[in-house]
Trainee: 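What follows is a single structure, and I will ask about it in a moment.
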Amino acid sequence: MAHYYFENPLSIDDDFMTIRTRFAPSPTGYLHIGGVRTALFNWLLAKQAGGQFILRIDDTDTRRNLEDTLQPILDGFSWLGLDWDEGPEVGGPHTPYFQSQRLEHYQTAAKRLLASGHAYRDYSSPEEMAAERETAEKEKRDFVYSRTWMAETDEQAAEFESQGRSFVVRLKMPREGKCEFRDVVRGDVSFDWGRESDHVIQRGDGTCLYHLANVVDDHDFEVTHVVRAVEHLSNTPRQVFILQSLGYEMPQYAHVPFVAEPGSKNKLSKRKIDQYLNNKEFKRLYQSGAEIAKRIGVEADPYSFNPVLVDFYRDIGFLPDAVLNYLVLLGWSLDDKTENFSREEMLEHFSADRIVRSEASFDCQKLLSFQASYMNALPLKQKTKMCLGFLQKADLVSDPVACEQGDVISQIVEAAGDRICMAGDILKFDTFFIADEDMEFEDKPFQKRMVKPENAGFLLAEFNKVLNAADSFDAPSLEAELHGFCEAQGVGVGDIIHALRVAVTGKAAGFGMFDTLAILGRQRSCNRIQIALDELAKRVEANQ
RNA sequence: GGCCCCUUCGUCUAGUGGUCUAGGACUCCGGCCUUUCACGCCGGCAACACGGGUUCGAGUCCCGUAGGGGUCACCA
């Protein structure tokens, strides 16, 4: 970093400032894909500058079991490889990183705000407040609290209390002027102070609210860049007010657009799954995921398991890098061509000022396409390992796997090639793991390839003899055998190969025929052909 | 409704006044390859929301309109 000093002596401070960013999830039990994108931007910004990425848990208002609701989020980050330098599990110099454990910090800040006159005790009742609000609405003007029940001195407070009132702490917001600041994504922004209401920062019971907690924590944790979704932009003035009143330095703000629903500009929400399921691509992704989930014993309830949530991708065998690559391009781009970014490339090239200002809809197809290409580029060994996990979870393969079966699985994965998009796709090729007698023939292909062609049965029976006698059973030899056979019989390869596929796998489509036979091996191949032949005879008889 | 924001192919985007008859990617549609499926390769369809300015020249600057979104809690 030192070289900056010589190249650009005017910005020493900037260059030597350690960038610290944070992501502050509420423990909700799931990790939202849009949240991950925001987290990714934060992570990139910190890491590319040698700074720190902090995970802070915003649990000021949760009564839920923290253990159950936080762990999935942490697991999600771990899976994605978005490591945090400070936060739960890893600790850090500003421990604790849970808002629920930092109440005294907020209370101290509230006290200071009270003492400096930037906040006041408010003795209004909720009903009185609501009435004022309603009146303002009726008169079609902005609601500005009359401050009728404001107590700035102990005497006033005592009087309200003698009326049996209790108080909350409200911000005494400025009533004129503008709040102006520069946002890395949105440029110069400005809000009229006069439109800001006197927000509550501390409840009657002494607990504190989000905005106060947020500002205090960002300051205590020395956060330099606040990168968050745009829905917080309109909250920013009150936070600026708090931080200025407390004498804190203002962080750099970057309000990034939210991730929108597939095919719309509404904010993506996990609550609207029903609606997204009407989207063709979304539904298709969900269904293929659900199918995999079902087979490996993961509960596939659409509300807790769907393409909006990160768990979904992990559970069905996506690659974290593919998800990240897709997400980094959702609202950010380097130039007009580059699409593929490894983690290192992201770190090298990401810059907040190239974040797009408009919201971006979530597109399953494009995510899938990244996944396909990343999976395809994965070395066979790793791909096999991933697939193996799914076979074991589906009880198709023992755990630990027998040595010779390991080789077979590797062969299957290799032969499957890019037909395996997500690792769970291996389950589509379960025919290799099923006992010959348990194999089922899909009806339509059986009819079309076996029953309908008159000579299918004959050719298959004859070729079965050839297979039985074949010298070697590897794919190239088998191919030679079949071609020789066809020539001798005076038929085309197409006249038998389809029937052969159906006989041996039960299905119309699959990967290379000779690979399939080789993997199955002589005994099983011949056995299956015989079973198919028997089935054919049965059906023909039934038809007569 | 007030305030704020956004608006280039169906989707993600490039574009900072002049090779923009608007580029790339995903999808889709053809074709090739091929024993099926998939991949791959080649090709194609497809966009500057609208209306006014400013300018020799506007996707790019200004104003307005429309549409979309966010936000207005003792939630975060």
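Throughout, a chain's letter reflects where its sequence line sits, starting with A, and its residues are numbered from 1. Quick note: numbers below take in every heavy atom, side chains included, and nothing from hydrogens, waters or symmetry partners. Predicted, not measured: the structure shown is a model, and the values here were computed from it.
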Trainee: In whole Å, I'd like the distance from the OH atom of A:Tyr374 to the C1' atom of B:C39.
Mentor: 19 Å
Trainee: For the pair A:Thr505 (side chain) and A:Val502 (backbone), establish whether a donor and an acceptor sit closer than 3.5 Å, ignoring hydrogens and angles.
Mentor: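 Not confirmed, A:Thr505 side chain does not pair with A:Val502 backbone.
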Trainee: I want to verify a distance call: between B:C37, B:A76, B:U13, whose nearest atom is closest to the A:Val356 side chain?
Mentor: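 Per side-chain heavy atoms of A:Val356, the pick is B:U13.
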Trainee: Do other residues, nucleotides or ligands put more than 12 heavy atoms under 6.0 Å from A:Lys265 NZ?
Mentor: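 Enclosed: over 12 neighbouring heavy atoms sit under 6.0 Å from NZ of A:Lys265.
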Trainee: Could you tell me whether a side-chain N or O of A:Asp425 sits under 3.5 Å from a main-chain N or O of A:Met422, the two making a donor and an acceptor?
Mentor: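 Present.
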Trainee: Whole-Å distance between B:U35 C1' and A:Glu481 CD?
Mentor: 17 Å
Trainee: For the side chain of A:Pro126, starting at C-beta, report the closest nucleotide among B:C26, B:C74, B:U13.
Mentor: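 Of the options given, the side chain of A:Pro126 lies nearest B:C74.
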Trainee: Please state the C1' separation for the pair B:U60 and B:A49 - nearest whole angstrom.
Mentor: 16 Å
Trainee: Answer yes or no: side-chain N or O of A:Asp336 and base N or O of B:A22 forming a donor-acceptor pair under 3.5 Å.
Mentor: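 Absent.
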Trainee: Between A:Arg238 and A:His211, is the side chain to side chain donor-acceptor pair (under 3.5 Å) condition met? List the steps.
Mentor: CA-CA 8 Å; A:Arg238 80 190 67 163; A:His211 294 289; 3.0 Å; yes
Trainee: Considering only the C1' atoms, how many Å lie between B:U65 and B:G23, rounded to the nearest integer?
Mentor: 30 Å
Trainee: Within less than 4.0 Å of OP1 or OP2 of B:U11, is there a side-chain N or O belonging to A:Ser361?
Mentor: no
Trainee: Distance between the P atoms of B:C5 and B:G44, in whole angstroms?
Mentor: 42 Å
Trainee: Could you check which of B:U13, B:A76, B:U36 has an atom nearest any side-chain atom of A:Ser333?
Mentor: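 The closest nucleotide is B:U13.
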Trainee: How long is the line joining CG of A:Asn279 and C1' of B:U11, in whole Å?
Mentor: 10 Å
Trainee: What pairs meet the salt bridge (charged side-chain N to carboxylate O under 4.0 Å, His left out) rule with one or both residues in residues 120-137 of chain A, with sequence neighbours excluded?
Mentor: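 Found A:Arg121-A:Asp154, A:Asp122-A:Arg170, A:Glu128-A:Arg165.
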Trainee: Given the P atoms of B:U21 and B:C3, what is the spacing between them in whole Å?
Mentor: 40 Å
Trainee: Between A:Arg170 and B:A73, is there a side-chain N or O to OP1/OP2 distance below 4.0 Å?
Mentor: no
Trainee: Counting Watson-Crick and G-U wobble pairs only, both distances under 3.5 Å, name the nucleotide matched with B:C72, or none.
Mentor: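 Its partner is B:G1.
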Trainee: Could you check how far NZ of A:Lys337 sits from P of B:C26, rounded to whole Å?
Mentor: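 Computing the A:Lys337:NZ to B:C26:P distance gives 14 Å.
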Trainee: Taking the six-membered ring for Trp and the single ring otherwise, decide whether the centroids of A:Tyr276 and A:Tyr286 are under 6.0 Å apart.
Mentor: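 Not under 6.0 Å, so no.
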Trainee: What class does the angle between the rings of A:Phe241 and A:His118 fall in, given that below 30° is parallel, 30 to 60° is tilted and above 60° is perpendicular?
Mentor: perpendicular
Trainee: Taking only Lys NZ, Arg NE, NH1 and NH2, and the carboxylate oxygens of Asp or Glu, determine whether A:Asp218 and A:Arg22 approach each other closer than 4.0 Å.
Mentor: yes
Trainee: In terms of side-chain geometry, is the basic nitrogen of A:Lys428 or A:Asp430 positioned less than 4.0 Å from the acidic oxygen of its partner?
Mentor: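 Answer for the salt bridge query: no.
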Trainee: Is the distance between the ring centroids of A:Phe167 and A:Tyr120 under 6.0 Å?
Mentor: no
Trainee: Between A:Ser234 and B:G70, is there a contact of a side-chain N or O with OP1 or OP2 at under 4.0 Å?
Mentor: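 The answer is no; no side-chain N or O of A:Ser234 sits under 4.0 Å from OP1 or OP2.
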Trainee: Using the C1' atom as the reference point in each nucleotide, state the distance between B:A14 and B:A47 in Å, no decimals.
Mentor: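 Those two atoms are separated by 13 Å.
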Trainee: Please give, in whole Å, the distance from B:G24 P to A:Glu339 CD?
Mentor: 12 Å
Trainee: When you measure from the side chain of A:His498, which nucleotide among B:U35, B:A14, B:C12 comes out closest?
Mentor: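 Of the options given, the side chain of A:His498 lies nearest B:U35.
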Trainee: Check each residue of residues 416-426 of chain A for a non-hydrogen atom within less than 4.0 Å of any atom in RNA chain B, then write out the ones that pass by number, or none.
Mentor: A:Asp418, A:Arg419
Trainee: Taking atom P of B:G10 as reference, at what distance in whole Å does atom NZ of A:Lys280 sit?
Mentor: 16 Å
Trainee: Say you pick atom C1' in B:G18 and the same atom in B:G30; how far apart are they, in whole Å?
Mentor: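 Per the computed distance, 37 Å lies between those C1' atoms.
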Trainee: Could you give the distance separating B:C9 and B:G24 at their P atoms, to the nearest angstrom?
Mentor: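 One P to the other, the span is 16 Å.
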Trainee: Ignoring the backbone of A:Lys366, work out which of B:U35, B:G24, B:C74 is nearest its side chain.
Mentor: B:G24
Trainee: Measure CZ/A:Phe362 against P/B:U11 and give the value in whole Å, please.
Mentor: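 For the pair A:Phe362 CZ and B:U11 P, the rounded distance is 16 Å.
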Trainee: Check this for me, if you would: do A:Arg175 and A:Asp198 make a salt bridge, where the nitrogen-to-carboxylate-oxygen distance has to be below 4.0 angstrom?
Mentor: yes
Trainee: Does a side-chain N or O of A:Arg195 approach OP1 or OP2 of B:U71 to a distance below 4.0 Å, or not?
Mentor: no
Trainee: When the C1' atoms of B:U16 and B:A22 are considered, how many whole Å apart are they?
Mentor: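 My reading of the C1' atoms in B:U16 and B:A22 gives 15 Å.
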Trainee: Examine B:U36: is either OP1 or OP2 under 4.0 Å from a nitrogen or oxygen in the side chain of A:Arg501? Give yes or no.
Mentor: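 Checking A:Arg501 against B:U36: no side-chain N or O falls below 4.0 Å of OP1 or OP2.
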Trainee: Any idea which of B:U36, B:U71, B:U35 is nearest the A:Asn235 side chain?
Mentor: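 Of the candidates, B:U71 comes closest.
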Trainee: Roughly how many Å is it from OH in A:Tyr123 to C1' in B:C74, rounded to a whole number?
Mentor: 15 Å
Trainee: Give none if B:U7 has no partner; otherwise give the nucleotide forming a Watson-Crick or G-U wobble pair with it, both distances under 3.5 Å.
Mentor: B:A66
Trainee: Identify the residue among A:Asp59, A:Thr207, A:Thr60 that makes a side-chain hydrogen bond (donor to acceptor under 3.5 Å, both in side chains) with A:Ser100.
Mentor: A:Asp59
Trainee: N/O contacts under 3.5 Å, protein versus nucleotides 66-69 of chain B?
Mentor:
from, atom 1, to, atom 2, distance (Å)
B:G69, OP1, A:Asn266, OD1, 2.8

